[in-house]
K.L.:
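Sending over a structure as structure tokens; questions will come in a sec.
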Amino acid sequence: MDCIFCKIVAGEIPSTTVYEDELVYAFRDINPMAPTHILVIPKEHLGSVNDITPYNSAVVAHIFEVIPQIAAAENLTGGYRVVSNCGQDAGQTVHHLHFHILGGKELSLQMA
Ligand code: 5GP
Ligand code: ZN
């Protein structure tokens, strides 16, 4: 499958690792939109939030256990935002489920 995030997980495309375990990989966004901009992804390929089911949602729960650990390690003491763009209207450009962690500044409240 021609998925850039699967290639990042496989080490075929270089990335800056922030966190890794058997289920999850986190790395720095190549085009940061905030001083801290990290992507957290399941190692297993899921296309988007639309592909989360009772059979695979444990990895999503695990991602949300890991996110606060990453935020603490990154010293995001003032808070941070977690975003997942799903589909065309949201501007999803990479079709491998990912959660953006954005922080390190006071973020705009603009949501749409
Ligand atoms: P989306 O727009 O799908 O929510 O987010 C995709 C994100 O992946 C974008 O923020 C983009 O900068 C990031 N991205 C795309 N290709 C690469 C890459 O090869 N390496 C890294 N580190 N980030 C990437
Ligand atoms: Zn993938």
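Order of appearance sets the numbers: ligands from 1, and atoms from 1 within every ligand.
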K.L.:
Report the nearest protein non-hydrogen atom to atom 22 (N) of ligand 1: residue, atom name, distance rounded to 0.1 Å.
P.N.:
Arg28 O, 2.8 Å
K.L.:
Tell me if the CD atom of Glu12 is crowded by more than 12 foreign heavy atoms within 6.0 Å.
P.N.:
yes
K.L.:
Look at the rings of Phe64 and Phe99 and say which category their plane angle falls in: under 30° parallel, 30 to 60° tilted, over 60° perpendicular.
P.N.:
perpendicular
K.L.:
Counting only heavy atoms, which portion of Val83 has something under 4.0 Å from ligand 1: side chain, backbone, both, or neither?
P.N.:
neither
K.L.:
Taking only heavy atoms of Phe27, which atoms of ligand 1 are found under 4.0 Å from at least one of them?
P.N.:
21 (C), 22 (N)
K.L.:
Between Phe5 and ligand 1, is there a nitrogen or oxygen pair with a distance under 3.5 Å?
P.N.:
no
K.L.:
Find all atoms of ligand 1 within a distance of less than 4.0 Å from any non-hydrogen atom belonging to Asn31, and give their numbers and elements.
P.N.:
12 (O)
K.L.:
So which heavy atom on Pro42 is nearest to which on Leu97, and how close?
P.N.:
CD-O, 3.2 Å
K.L.:
Can you name the closest pair of heavy atoms from Val83 and Asn85 and give their distance?
P.N.:
CG1-OD1, 3.8 Å
K.L.:
Evaluating non-hydrogen atoms only, which member of Ile41, Ile30, Leu102, Ile8 is closest to atom 14 (N) of ligand 1?
P.N.:
Ile30
K.L.:
Determine whether the side chains of Thr36 and Tyr80 contain a donor N or O and an acceptor N or O closer than 3.5 Å.
P.N.:
no
K.L.:
With respect to His98, which candidate in His96, His95, His100 satisfies the ring pair (Phe, Tyr, Trp, His ring centres under 6.0 Å) definition?
P.N.:
His100
K.L.:
With the side chain counted from C-beta on, respond yes when Phe5 and Val94 share a heavy-atom pair under 4.5 Å apart, and no when they do not.
P.N.:
yes
K.L.:
Start with the C-alpha distance between Ile38 and Phe27, add both sets of side-chain angles, then the distance that settles side-chain contact (heavy atoms from CB on, under 4.5 Å), and finish with yes or no.
P.N.:
CA-CA 6 Å; Ile38 293 163; Phe27 55 105; over 6 Å; no
K.L.:
For atom 12 (O) of ligand 1, which candidate among Ile38, Asn85, Asp29 holds the nearest heavy atom?
P.N.:
Asp29
K.L.:
Test of understanding: given a 4.0 Å heavy-atom threshold, classify the contact between Leu39 and ligand 1 as side chain, backbone, both, or neither.
P.N.:
side chain
K.L.:
Tell me the closest heavy-atom pair linking Ser48 and Gln92, and the distance in Å.
P.N.:
CB-OE1, 3.5 Å
K.L.:
Name the closest protein heavy atom to atom 16 (N) of ligand 1, giving the residue it belongs to and the distance to 0.1 Å.
P.N.:
Ile4 CD1, 3.3 Å
K.L.:
Name whichever N, O or S atom of His45 ends up nearest to the Zn ion (ligand 2).
P.N.:
ND1
K.L.:
I need the nearest protein heavy-atom contact for atom 5 (O) of ligand 1: residue, atom name and distance, please.
P.N.:
His98 NE2, 3.0 Å
K.L.:
Any luck finding a side-chain donor-acceptor pair between Asp21 and His62 under 3.5 Å?
P.N.:
yes
K.L.:
Would you check the N or O atoms of His100, main chain and side chain alike, for any that come under 3.5 Å of an N or O of ligand 1?
P.N.:
yes
K.L.:
Indicate if the distance from the Zn ion (ligand 2) to the nearest N, O or S atom of Cys3 falls below 2.8 Å.
P.N.:
yes
K.L.:
Are the charged groups of Lys43 and Glu22 less than 4.0 angstrom apart, N to O?
P.N.:
no
K.L.:
Can you sort out which atoms of ligand 1 are near Gly91, meaning under 4.0 Å from one of its heavy atoms?
P.N.:
2 (O)
K.L.:
Which of the N/O/S atoms in His96 sits closest to the Zn ion (ligand 2)?
P.N.:
ND1
K.L.:
Numbering the atoms of ligand 1 from 1, which are under 4.0 Å from a heavy atom of Gln92?
P.N.:
3 (O)
K.L.:
Counting both backbone and side chain atoms, is some N or O of Thr93 under 3.5 Å from an N or O of ligand 1?
P.N.:
yes
